[in-house]
2 protein chains.
Amino acid sequence: MAQAIRLRQASSPLKASCHQCSLSNLCLPLAIEENDLDSLEDIVQQGRIFNRGEHIFDQSTPFRSCFAVRSGSVKTSIITEGGEEQVTGFFMPGELIGLDSMSSDSYACTAKALERTSVCEFPVEKLEELTGKLPDLQHHMYHLMSQEIQNSHQLAMLLSKNTAEERIAALLLSLSSRFQRRRMSGTNFSLPMARNDIANFLGLAVETVSRVFTRFQNQGIIKARGREVELLDVEALQMVTREFSRQGSQ
Amino acid sequence: MAQAIRLRQASSPLKASCHQCSLSNLCLPLAIEENDLDSLEDIVQQGRIFNRGEHIFDQSTPFRSCFAVRSGSVKTSIITEGGEEQVTGFFMPGELIGLDSMSSDSYACTAKALERTSVCEFPVEKLEELTGKLPDLQHHMYHLMSQEIQNSHQLAMLLSKNTAEERIAALLLSLSSRFQRRRMSGTNFSLPMARNDIANFLGLAVETVSRVFTRFQNQGIIKARGREVELLDVEALQMVTREFSRQGSQ
DNA sequence: AGTACGCGTTGACATGAATCAATTCGGACG
DNA sequence: CGTCCGAATTGATTCATGTCAACGCGTACT
């Protein structure tokens, strides 16, 4: 079985073992046949570890690879000429970073580990070569990139139309479902990012984020002590996010 | 030569002639070898015409194809459950629509012709098949999708950090450069979209858009009569958009 | 143990843009 | 040519959120 096949390549210590990875249903291997997984393992470099605050890459790094988060979490942001930062996303285990850079020579954003984080590296040159041979993998890449566009549109929508409360409720719910996908509690988790990052990501001032958190807490919707968050009333949160669109239908 | 090869297929009237298309440096064929262009022509269905206001597809349409704008212009938007609209982009000749839908069964947005518009259709199934065979084409697809992600991040940034004036200046400059790319005047053009669409796209109220237009006009930066726009002082517009980031460096 | 510093919270106030309301403009059509 | 209707403009007012400022809390460092 698959386990035996892997032994054939045991000589390379950096080789990934996608077969055993608990995230294999999230990350690239999703749509791949058992035996194709070996080809993917061949090109993946696994196990690079970054400490809290370390850059996985920044906008001056030549673009070579995409990265999948294996454990920990990552913040991506664009730094403007003036030094202003715009957070473009948070990435959790099983999610792929760098898709926005596939049209550039350097990375289109800066990726920073929010905590001790382990990533798998996919050199694009080899990845493109491989996707040319494996239609399922190619399809999956299109799928992931398309998803990324949709996510970004969703964010734009949130930013342009929704109130502070709606934005924060949406973020909490998004994080919740992403934790759940990893078989972790969707109601009781620890935010990997600072209030500042949340504010920046959602286009708000830190103070506003803080105020909304306490407001939610006073309403008994959440319980928050620093980065520890407990969602006490998920339905209420969903109501908050939908309130906007519901107004349209009334 | 290539021209002769095309004659072999003259029987199919819907066949596109990418060879002759003046947009071939913008659209998909960009990175393609002369002789590969024929394979692409084989799968492209050209010449579908839509009148002003007609839908090229909407969110209930099963996703089958991407579309390249040949002439005219297109607005894409997401319609929420509540009927609210969020404009996600404007597409001009040479630009590709539908990349955000490649992860879904139905289109992720609704595409509406802003004027009489002609599009080329790329059935995705055939397109994926072809990109599997032509590495350059595959690379170009990745490039386009990545670009789309970047655009959307750029929009998110505009929405979350910039003032009404900055957003509108940025839009005008974007349109300007896209007109220029088509060898048209970059300072004297006609907006294909209504004020309403601009407002929605930029996350503003129509009234605000209107006010900013007149403010720019009073400052002698632009001249606008309805949809006819003339950029009188492009540098001033660039200053407006950069003002924000420049503050950071001061 | 004391200090300092980053981070988060809270309050007072200012403001840019939304909203509400009225008017004008411009094209379509009888 | 006048009428009609949607689109655009303009003005007055309101409101959500940003900004400024102060303070508390926990952690790291000396």
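Order of the sequence lines sets the chain letters (A, B, ...), proteins ahead of strands, with each chain counted from 1. All values below come from the heavy atoms of this structure, side chains included, with hydrogens, waters and symmetry mates left out.
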Engineer: Take the protein atom CD of B/Glu84 and the nucleotide atom P of C/dA18, then report the distance between them rounded to whole Å.
Structural biologist: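 Between P of C/dA18 and CD of B/Glu84: 14 Å.
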Engineer: Check the distance between C/dG8's C1' and A/Asp197's CG and give it to me in whole angstrom.
Structural biologist: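 In whole Å, C/dG8 C1' and A/Asp197 CG are 13 Å from each other.
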Engineer: Measure CD/A/Glu228 against P/C/dT9 and give the value in whole Å, please.
Structural biologist: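 Interatomic distance, CD of A/Glu228 to P of C/dT9: 13 Å.
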Engineer: Using whole Å, report how far CD of B/Glu166 lies from P of C/dG16.
Structural biologist: 12 Å
Engineer: At 10 degrees resolution, what angle do the end axes of the helix from C/dA1-D/dT30 to C/dG30-D/dC1 form when each is taken over five base pairs?
Structural biologist: 40°
Engineer: Look only at the side chain of A/Ser101 and the backbone of A/Ser104, and say whether a donor-acceptor pair between them is shorter than 3.5 Å.
Structural biologist: no
Engineer: Could you tell me whether A/Phe90 and A/Phe201 have their ring centroids closer than 6.0 angstrom?
Structural biologist: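 Judged by ring-centre distance (under 6.0 Å), A/Phe90 and A/Phe201 do meet the cut-off.
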Engineer: Please give, in whole Å, the distance from C/dA18 P to B/Leu159 CG?
Structural biologist: 11 Å
Engineer: Out of D/dT10, D/dG18, C/dA18, which nucleotide sits closest to the side chain of B/Leu204?
Structural biologist: C/dA18
Engineer: Starting at atom CD1 of A/Ile222, determine the distance to atom C1' of C/dT9, rounded to an integer number of angstrom.
Structural biologist: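 The answer, rounded to whole Å, is 14 Å.
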Engineer: Rounded to whole Å, how long is the line connecting atom CZ of A/Arg52 with atom P of D/dT27?
Structural biologist: 12 Å
Engineer: Identify which nucleotide among D/dT17, C/dA17, C/dG11 has an atom closest to any side-chain atom of B/Thr208, counting heavy atoms from C-beta outward.
Structural biologist: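 The answer is C/dA17, which lies nearest to the side chain.
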Engineer: From the options B/Val206, B/Leu172, B/Leu191, select the one residue that forms a side-chain contact (heavy atoms from CB on, under 4.5 Å) with B/Ile198.
Structural biologist: B/Leu191
Engineer: Taking the side chain of B/Ala164 as heavy atoms from C-beta outward, which of D/dT10, C/dA17, D/dT19 is closest to it?
Structural biologist: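 Taking heavy atoms from C-beta onward, the closest nucleotide is C/dA17.
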Engineer: Classify the side-chain pair B/Thr80/B/Gln86 by whether it contains a donor and acceptor separated by less than 3.5 Å.
Structural biologist: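 Not at all, the side chains of B/Thr80 and B/Gln86 share no donor-acceptor pair under 3.5 Å.
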Engineer: On the side chain of A/Arg225, is there an atom forming a donor-acceptor pair with the base of C/dG8 - under 3.5 Å, no angle test?
Structural biologist: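 In this structure, the two groups form no donor-acceptor pair.
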Engineer: N/O contacts under 3.5 Å, protein versus nucleotides 4-8 of chain D?
Structural biologist:
from	atom 1	to	atom 2	distance (Å)
D/dA8	OP1	B/Arg195	N	3.3
D/dA8	OP2	B/Arg195	N	3.3

Engineer: Applying the side-chain contact (heavy atoms from CB on, under 4.5 Å) test to B/Ser176, which of B/Leu231, B/Leu237, B/Thr187 qualifies?
Structural biologist: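 For B/Ser176, the side-chain contact (heavy atoms from CB on, under 4.5 Å) check succeeds only for B/Leu231.
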Engineer: Is it true that B/Arg48 and B/Glu121 have a side-chain N and a carboxylate O under 4.0 angstrom from each other?
Structural biologist: yes
Engineer: In the structure I gave you, are the side-chain heavy atoms of B/Asn151 and B/Leu155 within less than 4.5 Å of one another anywhere?
Structural biologist: no
Engineer: Answer whether the closest heavy-atom distance between the side chains of B/Pro62 and B/Ser106 falls below 4.5 Å.
Structural biologist: no
Engineer: Send over the distance from A/Glu207 CD to D/dA16 C1', rounded to a whole Å.
Structural biologist: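 After rounding, the reported distance stands at 14 Å.
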Engineer: Could you tell me if B/Arg116 and B/Asn51 have a donor-acceptor pair between their side chains, going purely by distance under 3.5 Å?
Structural biologist: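 Yes, a side-chain donor-acceptor pair sits under 3.5 Å.
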